[in-house]
Enquirer: 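My questions will all concern the structure given below.
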Amino acid sequence: MSRHFDEENPLVQVRLEKLQKLRSMGLDPFAVERYPITHPLEAIHEQFETLEGQTVCVAGRIFSIRQMGRATFAHLMDTTGKLQIYLKADELGERYSLIDLWDLGDYLGVKGFVFRTRTGEITVHVQEFTLLAKAVRPVPFPKEKGEQRWFELHDVEQRYRQRYLDLLVNPESRRRLLARCRIVSEIRRFLESEGFIEVETPVLQPMAGGAAARPFITYHNALQREFQLRIALELYLKRVLIGGIDKVFEIGRVFRNEGISTRHNPEFTMLELYQAYANLEDIMELVERLFRTVAERVFGTTVFEMHGVQVDFSQPWRRVRLMDAIHEYTGLTEADFETLERAAQAAEKLGIHIERKDTVGGIIEKVLEKCVAEHLQQPTFVYSFPIETSPLAKREPDNPRFTRRFEGYVFGKEVANAFSELNDPLEQRERFEQQLALRQAGDEEAHPYDEDFLHAMEYGMPPAGGLGIGIDRMVMLLTGTDSIREVIFFPQMREG
RNA sequence: GAGCCGGUAGCUCAGCGGUAGAGCAGUGGCCUUUUAAGCCAUUGGUCGUGGGUUCGAUUCCCACCCGGCUCACCA
């Protein structure tokens with residue numbers, strides 16, 4: 001796929017010649033700035049009863065064209081839909097021949113009256129038209145009839161690299177990506193209606209914390225220092241909480257320096273929220289309400305299906321202790337994880353690869369990932385996570401090896417992560433020290449020791465429940481999509 | 001990082017040792033309510049890149065690039 005302007009391409013040449021002709025007639029399409037439309041295209045269909053016989057102005061891209069001598073039919077397309085237009089030579093005079101200078105993909109504005117053709121299609125009978133912009137490169141619009149389409153843009157690489165073409169040409173892609181926009185919008189609306197305030201916190205951070213992941217490094221010239229791109233929103237949102245904003249959230253891009261896969265893009269969108277005076281169970285209920293509300297508002301249903309499994313977000317989610325879930329699906333008991341040695345043995349038996357840096361808690365989470373997650377098809381909260389992998393969560397009072405943390409699973413995939421947040425600055429300091437030890441033992445993703453954050457917490461942080469949701473993965477499950485790239489407008493690609 | 005599959009015209013694809021094909025799009029012609037419009041004619045390709053084998057390579061071999069899937073790494 002060449003990135004230069006290939007004027008030698010005959011298809012481009014033809015279009016450039018047409019552009020030249022238009023310009024020589026004083027009809028430069030690129031000189032046009034505005035076209036006063038009276039209706040989006042879909043509105044003509046919706047309001048046909050009242051619009052029949054009325055004059056309207058509409059605009060869109062030429063999606064198809066059928067010239068039949070002295071009469072021409074074409075379809076325009078805009079964000080809302082498509083509309084047929086009809087042009088007659090004996091009414092348009094010399095201007096009729098300008099149609100020869102049109103190509104698929106050109107932007108056209110027309111004025112005319114609304115009618116129904118002999119075959120019943122709602123159409124605008126054009127009296128005046130203006131070419132509003134030209135496509136000098138061929139746009140691969142498909143042929144279509146009803147729901148059937150031919151010669152569609154299929155090449156996955158091209159669909160991702162040139163998403164504008166994918167959006168233009170493939171209705172499924174458009175639907176899926178627009179669904180993403182509406183999901184984000186409805187999440188905001190829901191949280192605001194629950195009294196949460198949206199804030200924006202730094203992307204450039206001295207020390208990226210709040211999650212276990214390697215950061216991207218960048219450099220600030222004037223300050224002559226490195227910064228890290230954030231890997232989570234957590235620590236700054238907690239500072240806001242300490243600042244007295246009791247219900248706070250952020251929807252923002254985070255960056256993790258990892259491999260790319262069907263489920264991982266180096267930059268992705270997180271929702272995090274914190275609610276003072278709320279605990280883990282309150283957050284569970286909030287998650288249930290969030291999914292139910294967004295599902296209803298965006299899709300008009302709470303029932304979703306993926307790979308033949310049906311889930312219903314109008315129902316409460318199952319709640320299960322992590323160790324109980326492990327017992328249920330592997331037969332292992334807590335005793336099997338008493339010591340690092342036993343835990344490693346148990347995991348190896350399940351075919352899980354253990355590394356030197358793994359802790360008992362790390363191994364437990366691996367077992368969850370490899371052997372349990374796939375069974376959690378119905379919406380499930382798995383709670384009570386090991387303390388080693390949860391340095392920012394409160395300890396369980398009667399079980400100090402575990403924390404007040406849950407992960408939400410749907411269709412076997414993790415979609416939410418939440419805790420009763422640790423707000424004891426003395427314990428937080430100890431937890432950071434433990435993480436430091438892990439880091440020194442070779443765990444690059446151990447949580448960094450953030451003195452500034454500790455300082456903030458020492459002024460007093462309220463008891464609070466916190467939640468993180470990967471928006472991209474939430475969109476995947478609500479749209480039944482297997483690849484994260486399909487729900488990101490411009491997924492990361494190697495240089496092409 | 002490993003394995004498998006793929007990259008041929010603007011788009012969708014076929015071809016697979018003898019100097020490249022179809023449909024649609026494009027171009028020219030006929031056609032004043034068509035709709036995958038139709039009919040006739042026609043243009044268009046360094047067959048991902050670079051090496052090698054061969055009289056000859058899109059086709060066989062090697063390396064590389066890009067993509068997809070699976071696994072690994074990774075929330």
Side-chain angles (χ1 to χ4, degrees), chain A residues 1-2 6 8-15 17-18 63-75 82 84-92 96 100 102-105 115-121 123 125 135-162 165 169-170 210-214 231-232 254 256-266 268 270 351-353 355 362 365-366 368-370 373 385 389 407 409 413-417 444-445 468-470 472-473 482-486 491 493-496:
Chain A
M1 176 188 327
S2 54
D6 39 6
E8 75 282 0
N9 181 323
L11 295 168
V12 172
Q13 264 176 8
V14 167
R15 285 163 177 74
E17 280 162 20
K18 289 176 180 175
F63 177 84
S64 65
I65 187 161
R66 292 173 294 285
Q67 274 186 273
M68 308 154 62
R70 316 246 124 61
T72 296
F73 288 88
H75 274 96
K82 297 195 188 81
Q84 183 168 259
I85 59 171
Y86 173 58
L87 304 97
K88 261 174 110 171
D90 52 10
E91 291 171 357
L92 294 165
Y96 185 82
D100 295 334
W102 295 355
D103 287 289
L104 298 189
F115 78 112
R116 223 187 249 281
T117 62
R118 198 180 284 162
T119 52
E121 181 161 353
T123 303
H125 189 125
V136 297
R137 208 184 265 285
V139 177
F141 278 126
K143 286 251 174 186
E144 70 173 23
K145 181 186 190 180
E147 287 298 298
Q148 288 176 280
R149 277 185 302 282
W150 291 264
F151 320 116
E152 203 167 355
L153 186 70
H154 280 311
D155 183 65
V156 182
E157 184 172 357
Q158 195 175 1
R159 287 184 44 238
Y160 294 159
R161 286 190 196 278
Q162 297 180 269
L165 291 181
V169 152
N170 294 324
R214 279 190 289 170
I231 57 173
V254 301
R256 297 188 182 178
N257 210 335
E258 301 156 353
I260 297 176
S261 78
T262 352
R263 275 171 217 92
H264 302 262
N265 197 61
F268 60 100
M270 283 276 286
I352 294 169
H353 175 67
E355 292 174 83
E365 284 205 29
K366 278 191 177 175
L368 166 64
E369 256 174 70
K370 309 285 179 200
F385 272 67
T389 55
E407 285 186 345
Y409 283 81
K413 302 276 163 37
E414 184 215 330
V415 291
N417 182 20
E444 278 187 77
E445 291 172 1
I469 289 183
D472 314 83
R473 292 187 180 176
D482 284 316
S483 171
I484 198 170
R485 293 182 199 111
E486 295 289 0
M493 300 284 268
R494 231 175 264 272
E495 196 175 357

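Residue numbers begin at 1 in each chain, while the letters A, B, ... track the order of the sequences.
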Enquirer: So does Q84(A) reach the base of U34(B) with its side chain, donor to acceptor, closer than 3.5 Å?
Expert: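 Indeed, a donor on one side and an acceptor on the other fall under 3.5 Å apart.
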Enquirer: Between the base of U34(B) and the side chain of R66(A), is one N or O donor paired with an acceptor at under 3.5 angstrom?
Expert: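 Flag set: donor-acceptor pair detected.
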Enquirer: With both distances under 3.5 angstrom, what nucleotide forms a Watson-Crick or G-U wobble pair with G56(B)?
Expert: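 Across all strands, not a single nucleotide pairs with G56(B).
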Enquirer: Now, which nucleotide makes the Watson-Crick or G-U wobble pair with G3(B), with each of the two distances under 3.5 Å?
Expert: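 With both distances under 3.5 Å, G3(B) matches C69(B).
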Enquirer: How is E355(A) classified with respect to the nucleic acid when contacts are heavy atoms under 4.0 Å: base, sugar-phosphate, or nothing?
Expert: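 Since only primed, P, OP1 and OP2 atoms lie under 4.0 Å of E355(A), the category is sugar-phosphate.
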Enquirer: Need one value for H75(A): base, sugar-phosphate or nothing, where a base atom within 4.0 Å counts as base even if backbone is also close, heavy atoms only.
Expert: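 Base, at least one base atom sits under 4.0 Å.
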Enquirer: Can you tell me the distance, in whole Å, between the CD1 atom of I260(A) and the P atom of G68(B)?
Expert: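 Distance, rounded to whole Å: 9 Å.
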Enquirer: Rounding to an integer number of Å, can you tell me how far E147(A) CD sits from A36(B) P?
Expert: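 Those two atoms, CD and P, are 14 Å apart.
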Enquirer: Whether the Y86(A) and Q84(A) side chains hold a donor-acceptor pair (N or O, under 3.5 Å, no angle test) is what I'd like checked.
Expert: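 Side chains of Y86(A) and Q84(A): no pair found under 3.5 Å.
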Enquirer: Across the strands shown, which category fits H154(A) at heavy-atom distances under 4.0 angstrom: base, sugar-phosphate, nothing?
Expert: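 Sugar-phosphate contact only.
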Enquirer: Given that E365(A) and Y160(A) both sit by RNA chain B, which one's nearest nucleotide is further toward the 5' end?
Expert: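 Final value for this comparison: Y160(A).
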Enquirer: Using a 4.0 Å heavy-atom cut-off, does R256(A) contact any base of the nucleic acid, only the sugar-phosphate backbone, or nothing at all?
Expert: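 Sugar-phosphate, backbone atoms only, no base.
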Enquirer: Once hydrogens and angles are ignored, does a donor-acceptor distance under 3.5 Å link the base of A75(B) to the side chain of E407(A)?
Expert: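 Yes.
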Enquirer: Should F151(A) be counted as stacked on C24(B), where stacking needs a ring-centre gap under 5.5 Å and an angle between planes under 30 degrees?
Expert: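 F151(A) ring does not meet the centre or angle cut-off for C24(B); no stack.
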